[in-house]
Undergrad: 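What follows is a structure written as structure tokens; I'll ask about it next.
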Amino acid sequence: MTDKPQVAIHRALDNFNIELPSWGFANTGTRFGKFIQPAAAVTVEDKFSDAGQVHALTGACPTVALHVQWDMPNGLKDVAQVRRLAEKYGVQPGSINPNLFQDQHYKYGSFGNPDPAIREVALQHTRDSIEIATRLESRDISMWFADGSNYPGTANIRHRKQWFEENLKATHDAMSPGQRLLVEYKPFEPAFYHTDIADWGMALLFARTAGPQAKVLVDTGHHYSAQNIEQIVAWLLAEDMLGGFHFNDRRYADDDLTLGSIDPYQVFRIFHEILYFEWESGKPSDIAYMIDQSHNLKGKIEAMIQTVTMAQMLFSKAAIVDYPELAKAQQACDLVRAESLLQDAFATDVRPAIQDWRDSKGLPKDPMTTFRQSGYLEQITKQRAARNSQNVSSYA
Ligand code: RM4
Ligand code: MN
Ligand code: MN
């Protein structure tokens with residue numbers, strides 16, 4: 001590798017942070033059941049502790065996303081504790097995720113519920129979440145809705161759209177100037193006929209209606225097979241509407257598999273569109289990179305380390321595409337040359353340069369091996385096994 005790519009990789013990694021999901025450290029499962037891991041996080045303190053480990057080993061995860069109901073069940077009363085944990089474990093609260101899908105009253109929806117009283121409950125929870133974000137100095141309020149319907153004819157799709165617009169505007173009005181509202185979309189699940197925010201176009205329209213601080217959140221798992229996600233990314237960048245990512249990989253649906261485990265080239269192409277945009281426009285993009293994965297079978301901390309190092313690798317590969325040459329080849333319609341420039345970057349072994357970067361930051365060269373040798377997993381397994389053994393779930 002010449003000097004130039006090495007420099008590009010170091011610069012790219014200096015600017016690349018990725019947020020960890022608190023829920024990725026807890027016991028989760030499929031709808032058919034949970035396989036309990038003795039080392040899984042039980043309390044919010046465990047989650048901060050585990051996230052702190054991943055950050056200490058990778059240097060790339062200074063924040064942890066919080067799901068209000070799971071991590072702060074007492075709402076504002078839990079703020080002081082979360083601040084204390086952030087201080088203790090060296091990871092700050094990141095995006096705040098209101099939970100509008102779990103409580104019994106959301107059976108027929110939250111912002112799209114035909115009952116105005118329930119829409120108001122959902123809005124109030126969202127306002128409380130914004131207040132939590134303010135007190136925790138979190139910038140992003142990240143909204144995912146399970147709203148939708150299961151059978152044709154059972155919901156007034158246009159009315160629901162309007163109710164969403166009203167509540168999203170009210171949400172936007174409740175934010176302070178520095179905050180952002182991230183609107184996530186998903187084509188199906190848990191609703192299987194229609195979902196109120198089913199794709200990026202709907203999320204974009206809602207974000208535009210809500211106000212200037214609203215942007216779209218792209219969860220890579222929330223697309224139909226074969227959909228061109230990097231084109232969506234390029235369009236959102238061009239519209240200045242790309243707010244953040246939830247990264248995970250998929251084979252069939254919203255599988256929440258480890259990033260890059262199925263299709264690393266796709267993640268590379270997404271990063272490429274972002275970095276190409278930055279090079280061409282001369283301005284940095286303002287994107288919250290977040291992980292949205294919860295591993296049911298893999299060890300949770302190991303899976304997170306795997307994810308972060310994979311993200312760093314694919315981001316580094318995207319950072320060494322020869323942009324001036326690519327622009328020339330595209331302009332000249334030299335298809336093979338243009339395509340090869342991407343393929344050459346993707347084929348480059350960037351691991352030595354990444355190890356070098358880690359070394360320069362005083363980080364372990366190989367975070368996974370260091371984690372495995374650290375004894376942390378054995379220690380938490382001992383501490384948490386008894387509490388986790390109480391945790392059982394079944395489908396029916
Ligand atoms: C959803 C969506 C949300 C996440 C929940 C747990 O499918 O991806 O972002 O918060 O799962
Ligand atoms: Mn998500
Ligand atoms: Mn999802």
Side-chain angles (χ1 to χ4, degrees), residues 18-31 34 40-41 44 47 51 63-73 93-103 106 109-111 122 125-126 129 132-133 138 140-148 180-192 195-200 202-203 206-207 214-225 227 229 232-233 236 242-259 261-262 267 270 287-296 300 303-304 307 311 393:
I18 189 161
E19 185 164 302
L20 300 167
S22 70
W23 54 98
F25 298 105
N27 271 314
T28 49
T30 69
R31 66 195 176 98
K34 278 186 194 178
V44 66
K47 292 172 184 173
T63 58
V64 55
L66 299 174
H67 239 286
V68 171
Q69 201 159 25
W70 301 334
D71 300 321
M72 307 181 72
S95 63
I96 299 299
N97 296 252
N99 186 310
L100 301 174
F101 50 86
Q102 196 173 289
D103 287 347
Y106 298 135
S110 61
F111 280 19
H125 174 72
T126 307
S129 303
I132 287 172
S138 288
D140 293 335
I141 320 296
S142 192
M143 310 232 21
W144 172 71
F145 298 90
D147 287 55
R180 303 192 308 172
L181 173 64
L182 302 183
V183 182
E184 185 172 351
Y185 58 91
K186 180 171 179 174
F188 65 89
E189 196 207 19
F192 290 113
T195 294
D196 285 297
I197 313 183
D199 67 22
W200 71 278
M202 299 179 198
F206 275 145
K215 305 276 172 194
V216 176
L217 186 148
V218 177
D219 183 315
T220 46
H222 293 189
H223 299 89
Y224 291 113
S225 298
Q227 205 164 350
I229 303 174
I232 295 171
V233 168
L236 290 172
L242 181 59
F245 283 94
H246 273 178
F247 279 121
N248 51 64
D249 211 341
R250 71 187 290 280
R251 181 67 184 86
Y252 299 103
D254 187 24
D255 307 337
D256 285 347
L257 299 180
T258 315
L259 181 73
S261 60
I262 303 292
V267 186
I270 290 172
I287 301 170
Y289 296 115
M290 301 177 266
I291 298 167
D292 186 3
Q293 294 171 186
S294 49
H295 300 90
N296 302 327
K300 284 154 196 304
M304 280 306 163
T307 303
S393 88

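In each ligand, atom 1 is the first atom listed, and ligand 1 is the first ligand listed. As a basis for the values below, the full set of heavy atoms in this structure was taken, side chains included, without hydrogen atoms, waters or symmetry mates.
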Undergrad: Look at the side chain of Asp147 and the backbone N and O of Ser110, then say whether any donor-acceptor pair between them is shorter than 3.5 Å.
TA: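 Confirmed, Asp147 side chain pairs with Ser110 backbone.
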Undergrad: If you check every N/O/S atom of Glu184, which is the one nearest the Mn ion (ligand 2)?
TA: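 Nearest N/O/S atom of Glu184: OE2.
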Undergrad: For the atoms OD2 of Asp219 and ND1 of His246, give the angle they form at the Mn ion (ligand 2), rounded to 10 degrees.
TA: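 For OD2 of Asp219 and ND1 of His246, the angle centred on the Mn ion (ligand 2) reads 110°.
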Undergrad: Just heavy atoms, cut-off under 4.0 Å: does His222 contact ligand 1 by side chain, backbone, both, or neither?
TA: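 Within the 4.0 Å criterion, His222 contacts ligand 1 through side-chain atoms alone.
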Undergrad: List the atom of Leu257, the atom of Arg251, and the distance in Å for their closest heavy-atom pair.
TA: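 Between these two residues, the closest heavy atoms are CD1-N, 4.4 Å.
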Undergrad: Within the 4.0 Å heavy-atom shell around His246, which atoms of ligand 1 are there?
TA: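 Answer, ordered by atom number: 9 (O).
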Undergrad: Looking only at N, O or S atoms, which one in Asp254 sits nearest to the Mn ion (ligand 3)?
TA: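 The atom in question is OD2.
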Undergrad: Determine whether the side chains of Gln227 and Asp199 contain a donor N or O and an acceptor N or O closer than 3.5 Å.
TA: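 Side chains of Gln227 and Asp199: no pair found under 3.5 Å.
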Undergrad: When only distance counts, is Asn97 in polar contact with ligand 1, meaning an N/O pair under 3.5 Å?
TA: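 The answer is no, given that Asn97 and ligand 1 share no N or O pair closer than 3.5 Å.
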Undergrad: Would you mind checking which non-hydrogen protein atom is closest to atom 4 (C) of ligand 1, with the distance to 0.1 Å?
TA: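 Checked against all protein heavy atoms, atom 4 (C) of ligand 1 sits closest to Asp292 OD2, 3.4 Å.
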Undergrad: Distance under 4.0 Å to a non-hydrogen atom of Trp70: what atoms of ligand 1 satisfy this?
TA: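 With Trp70 as reference, the close atoms of ligand 1 come out as 6 (C).
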Undergrad: Could you label the plane-to-plane angle of the Tyr185 and His223 rings as parallel, tilted or perpendicular, counting under 30° as parallel and over 60° as perpendicular?
TA: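 Aromatic pair Tyr185/His223 classed perpendicular.
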Undergrad: For Lys47 and Ala26, work out which heavy atoms get closest and say how close.
TA: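 Taking Lys47 first and Ala26 second, the nearest heavy atoms are CE-CB, 4.0 Å.
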Undergrad: Are the side chain of Asn99 and the backbone N or O of Phe101 linked by a donor-acceptor pair below 3.5 Å?
TA: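 A pair under 3.5 Å: yes.
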Undergrad: Just which atoms of ligand 1 are under 4.0 Å from any heavy atom in Glu184?
TA: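 With Glu184 as reference, the close atoms of ligand 1 come out as 2 (C), 3 (C), 8 (O), 9 (O).
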Undergrad: Check each atom of ligand 1 against the heavy atoms of Asp254 and keep those under 4.0 Å away; list them by number with element.
TA: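 Result: 7 (O).
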Undergrad: Going by the atom numbers of ligand 1, which of them fall below 4.0 Å from some non-hydrogen atom of Asp219?
TA: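 Taking each heavy atom of Asp219 in turn, ligand 1 has 8 (O) under 4.0 Å.
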Undergrad: What atoms in ligand 1 come closer than 4.0 Å to a heavy atom of His67?
TA: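 Atoms satisfying the 4.0 Å criterion: 10 (O).
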Undergrad: Ignoring hydrogens and geometry beyond distance, is a side-chain donor-acceptor pair present between Trp23 and Asp292 at under 3.5 Å?
TA: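 Asp292 and Trp23 do have a side-chain donor-acceptor pair below 3.5 Å.
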Undergrad: Please determine whether His222 has a backbone or side-chain N, O or S atom lying under 2.8 Å from the Mn ion (ligand 2).
TA: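 His222 does not place any N, O or S atom closer than 2.8 Å to the Mn ion (ligand 2).
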Undergrad: Check whether the side chains of Asp219 and Asn248 place a donor and an acceptor atom closer than 3.5 Å, and report yes or no.
TA: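 There is such a pair (donor and acceptor under 3.5 Å, judged by atom type) between the side chains of Asp219 and Asn248.
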Undergrad: Considering just N/O/S atoms, say which atom of Asp292 is closest to the Mn ion (ligand 2).
TA: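 This turns out to be OD2.
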Undergrad: To the nearest 0.5 Å, how far apart are CD1 in Ile232 and OG1 in Thr220?
TA: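 One gets 11.0 Å once the value is rounded to the nearest 0.5 Å.
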Undergrad: Which protein non-hydrogen atom lies closest to atom 5 (C) of ligand 1, naming both residue and atom, and how far is it?
TA: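 Checked against all protein heavy atoms, atom 5 (C) of ligand 1 sits closest to Trp144 CE3, 4.0 Å.
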Undergrad: Quick one: look at Tyr185 and ligand 1, take heavy-atom pairs under 4.0 Å, and tell me if it's side chain, backbone, both or neither.
TA: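 Neither; no heavy atom under 4.0 Å.
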Undergrad: Report the relative orientation of the aromatic rings in Phe188 and Tyr224; use parallel for angles under 30°, tilted for 30 to 60°, perpendicular for over 60°.
TA: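 It falls in the parallel class, under 30°.
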